[in-house]
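Below: one structure, written as structure tokens.
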Number of protein chains: 4
Amino acid sequence: MTDSLPIRREDARVQRSRQALRAALLDLVEHRPFEAITIREITDCAGVGHATFYRHYPTKGALLDDVAAGQIRDLMALSLPVFQARSTIDVCLATVRHVEAHRRLWSALLTGGAASAVRAEIIQTAREYGGEHHPTAEWIPTDLVQRFAATALMEVLTWWLERGDTVNSEDAAKLLNQLMFFPIINPAS
Amino acid sequence: MTDSLPIRREDARVQRSRQALRAALLDLVEHRPFEAITIREITDCAGVGHATFYRHYPTKGALLDDVAAGQIRDLMALSLPVFQARSTIDVCLATVRHVEAHRRLWSALLTGGAASAVRAEIIQTAREYGGEHHPTAEWIPTDLVQRFAATALMEVLTWWLERGDTVNSEDAAKLLNQLMFFPIINPAS
Amino acid sequence: MTDSLPIRREDARVQRSRQALRAALLDLVEHRPFEAITIREITDCAGVGHATFYRHYPTKGALLDDVAAGQIRDLMALSLPVFQARSTIDVCLATVRHVEAHRRLWSALLTGGAASAVRAEIIQTAREYGGEHHPTAEWIPTDLVQRFAATALMEVLTWWLERGDTVNSEDAAKLLNQLMFFPIINPAS
Amino acid sequence: MTDSLPIRREDARVQRSRQALRAALLDLVEHRPFEAITIREITDCAGVGHATFYRHYPTKGALLDDVAAGQIRDLMALSLPVFQARSTIDVCLATVRHVEAHRRLWSALLTGGAASAVRAEIIQTAREYGGEHHPTAEWIPTDLVQRFAATALMEVLTWWLERGDTVNSEDAAKLLNQLMFFPIINPAS
DNA sequence: CTCTAATCGAGACGGTACGTCGCGTCTTACG
DNA sequence: CGTAAGACGCGACGTACCGTCTCGATTAGAG
């Protein structure tokens, strides 16, 4: 019986356009702040008509989400399980290595001007993950932990990526462990 | 002629215009994101001609600085000396109390949508203060400490102000101490 | 093989589509100006895919022609022979009666907003007929006579159709005779 | 007492912009149909920002009105008094001479593609003038007379202007008299 | 009663023009 | 002078249609 593909395949043209837009955004965001980038520029750079942008994304930010959401989700998947893990430093190392492996993308996302949008996206993702794991110092409110962890993560990674290659990934992981995990796990002295 | 006043007295109209603009910005920023506020709206709300804005500030951000810079500087003056102080919890309490005493202003600055602009301003101020005090764990790079501390401060205060009155200032100070100071002073276990 | 039908029978689907489009145009043109009607609207109203329109007509105007051309041609065939006829009033009456017999169509064409397009079509048709008959006052240039007659015809008919039933066809014919034929046949006093 | 000018003088810049736009429209309408002219083209040609257009006119048609209304009014002022005058031929001659004196403008208005808009404007103006004078054959309804006269006037003038200089103004006046006035004054034979 | 090719719906696409918005500059006239 | 009022050049915005172009999925009508 040929049920062939029960899942409706997306129109190939749609895939192509979306991919072109994503790539164009990444190209552009490396050179100037995300907010300074025009939707027309993105579409010109992507080689699509500018109306095509709106057929796929309501907003510049929506495209950024589409570009970043997957990466962010991957990253969070590495970063958040720490609440159950014992050796936080390993989690930090995994996180840092993941970012390093996609250095170009994350540089664009964090240092390219899209930072504040990505920040919101990360906090949002953290919020979705959160609530399940509570191995932190229980006197710190969960939502504050989420905000703090997300922001601390961003700051350390941003700082690290801006440093180029002057800090190796082990040291970065150590710093991340110290600034992000240490305060939410250890009690104040 | 009494040169006894080295500071040129500003034209009264100038003072009035500036004050009207500052007040207008504070009014507006409570209701929607700073970036979404139009210069025309500010001037309309202030009851001045819109060209008048440009005679005093080159930019929306410049007006925000004028509104916030003093407050931020005051806050940092309380917050940063901790690097020399012994009892960081006292510093946190002073910081939290200072913000509480200007709750409306700080709510506007942090939760009103100006957050990212203020964030940049705080980091900038921290940078200026920095370099002088190094009582932190010396293996954490100074510039990372500055970024981290500024951001952690912002996050805790933002979280606290959004909670309304459900968290008292002592607890807030404790959380601030735990999340901001603890990791940059204590060595990782 | 029965060549008795020289005209190739059109695919039934083609007939259906064309008819749906013609009907849709007539529906729409009653409510707003022809120029303001979108091809997408016509196709939606006709219940066909919008690309189907282009498979049959190159242009909105081409569809209008298809709707109107035959009628216009019939009308002109009645109206123009007058140049040879002796009793112009009879021709006028025939013309008016013909329009009356197709009142809904002609109302749509003349008062529905397609007027200027139809006007051009009529003048064009008049031009094709023209040149053959010259029983008019010979000092009036032929091409001016054509323009004038076509336009005068349109105006009288439009006026008449807009009046609803308040003017009977005999009076309309009399007015048409007076305004269209009288000046081009009789010499100025 | 210097009440100076009780009438608020229009800002000089406004006058300049409007004039530039009017001139630009006249330039452009000579080369292609009015409907095919873009508002951006008008503003580019006028050397003003395209938004400036909308500060003065809601619509392309509104600009055309502003250009044409005065001329049309002047023309009607010559043409309509005929209903009281005895020698219609003199009125025709005056009309034709007036158009001749502004040949470039009227060519643009009538043959440039703006024709249908101008036609509506003329009929409107005729309607305003109308109702006062009834020296026409009383059995022809007033509103039909207005429509007819306006259209006949347009047709004759359009035809004449398209002929270049091959028809002198006396002959044109004679034709206008014959086609426009003759049928509405003289009874049918 | 098939089989094949014409026709269709659906809708993505590259374009062009639209009319709106906010910017920051500049002009005019007032106090 | 500093101001209000507001016109202006600029340029991005998001929308609306255009006419072209795949795609499968009918569906006529010839064999």
Side-chain angles (χ1 to χ4, degrees), chain A residues 8-18 20 35-44 46-60, chain B residues 10-17 36-44 46-60, chain C residues 9-18 20 36-44 46-60, chain D residues 4 8-18 20 36-41 43-44 46-60:
Chain A
R8 181 72 180 81
R9 289 283 302 285
E10 271 284 337
D11 191 318
R13 294 166 298 178
V14 172
Q15 300 287 6
R16 219 183 313 127
S17 292
R18 278 171 144 89
E35 304 83 30
I37 296 174
T38 277
I39 289 184
R40 252 77 165 185
E41 281 176 315
I42 297 173
T43 53
D44 288 356
V48 307
H50 86 270
T52 296
F53 181 93
Y54 298 102
R55 290 181 185 118
H56 297 291
Y57 304 102
T59 271
K60 238 191 326 176
Chain B
E10 279 284 349
D11 189 315
R13 291 169 299 180
V14 171
Q15 299 286 8
R16 224 182 309 128
S17 292
I37 296 173
T38 278
I39 290 185
R40 251 76 163 187
E41 282 175 317
I42 298 173
T43 53
D44 288 355
V48 308
H50 80 268
T52 298
F53 181 93
Y54 298 102
R55 291 185 190 106
H56 299 293
Y57 304 102
T59 271
K60 238 192 326 177
Chain C
R9 286 285 302 286
E10 279 283 351
D11 188 316
R13 291 166 296 180
V14 171
Q15 299 284 9
R16 228 183 303 129
S17 292
R18 276 167 142 92
I37 296 175
T38 279
I39 289 185
R40 250 79 163 184
E41 283 176 315
I42 298 173
T43 54
D44 288 356
V48 307
H50 82 269
T52 297
F53 181 93
Y54 298 102
R55 291 183 186 112
H56 298 291
Y57 303 102
T59 273
K60 238 191 325 176
Chain D
S4 73
R8 181 71 179 77
R9 288 281 302 286
E10 271 286 335
D11 191 317
R13 292 166 298 178
V14 172
Q15 299 287 6
R16 220 182 313 128
S17 292
R18 276 171 146 90
I37 296 175
T38 278
I39 290 184
R40 251 76 166 188
E41 282 176 316
T43 54
D44 287 356
V48 308
H50 84 269
T52 296
F53 181 93
Y54 299 101
R55 289 181 185 117
H56 297 291
Y57 304 101
T59 270
K60 240 190 325 177

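The chains referred to below are lettered A, B, ... by the order of the sequence lines, with proteins before strands, and numbering in each begins at 1. Because only heavy atoms are used, hydrogens play no part in the values below, and waters and symmetry mates are left out as well, while side chains stay in.
Nearest approach of C:Tyr54 to C:Arg40, heavy atoms of both residues: OH-NH1, 4.3 Å. Between B:His56 and B:Ser17, the closest heavy-atom pair is NE2-CB, 3.7 Å.
Straight-line distance from the CZ atom of B:Phe53 to the P atom of F:dA5: 18 Å, rounded to whole Å. One can place CZ of A:Arg55 at 6 Å from C1' of E:dA12, the figure rounded to the nearest angstrom. Per the geometry, CZ belonging to C:Arg40 stands 13 Å off C1' belonging to E:dG9, to the nearest Å. Between the P atom of E:dC18 and the CG atom of D:Asp44 lies a distance of 11 Å, rounded to the nearest Å. One interatomic measurement links the two molecules: OH of D:Tyr57 to P of F:dA7, which rounds to 14 Å at whole-angstrom precision. Straight-line distance from the NE2 atom of C:His56 to the P atom of E:dG9: 8 Å, rounded to whole Å. Put simply, CD1 on D:Ile39 is 9 Å from C1' on E:dA17, counting in whole angstrom units. The distance between atom CD of C:Glu41 and atom C1' of F:dC18, rounded to the nearest whole Å, is 13 Å.
Comparing A:Lys60 and B:Val48, the nucleotide of DNA chain F nearest to each residue sits closer to the 5' end for B:Val48. Nearest-nucleotide positions on DNA chain F for C:Thr59 and A:His50 put A:His50 closer to the 5' end.
Of the candidates F:dC18, F:dC8, F:dG14, the closest approach to any side-chain atom of A:Tyr54 belongs to F:dG14. The side chain of C:Asp11 lies closest to F:dA28 when the candidates are F:dC13, E:dG11, F:dA28. The side chain of D:Ala51 lies closest to F:dC10, out of E:dC23, F:dC10, F:dA4.
Between the side chain of A:Lys60 and the main chain of A:Glu35, a donor-acceptor pair closer than 3.5 Å is present.
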Derivation of the side chain to side chain donor-acceptor pair (under 3.5 Å) call for A:Thr52 and A:Arg55: CA-CA 5 Å; A:Thr52 296; A:Arg55 290 181 185 118; 3.1 Å; yes
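The phosphate of E:dT7 has neither OP1 nor OP2 within less than 4.0 Å of any side-chain N or O from C:Ser17. Considering only side-chain N and O atoms, B:Arg16 lies nowhere under 4.0 angstrom from the phosphate OP1 or OP2 of F:dG2. At E:dG9, one or more side-chain N or O atoms of C:Thr52 fall inside 4.0 Å of OP1 or OP2 (strictly under the cut-off).
The CD1 atom of B:Ile42 sits 12.5 Å away from atom NE2 of B:His50, with the distance rounded to the nearest 0.5 Å.
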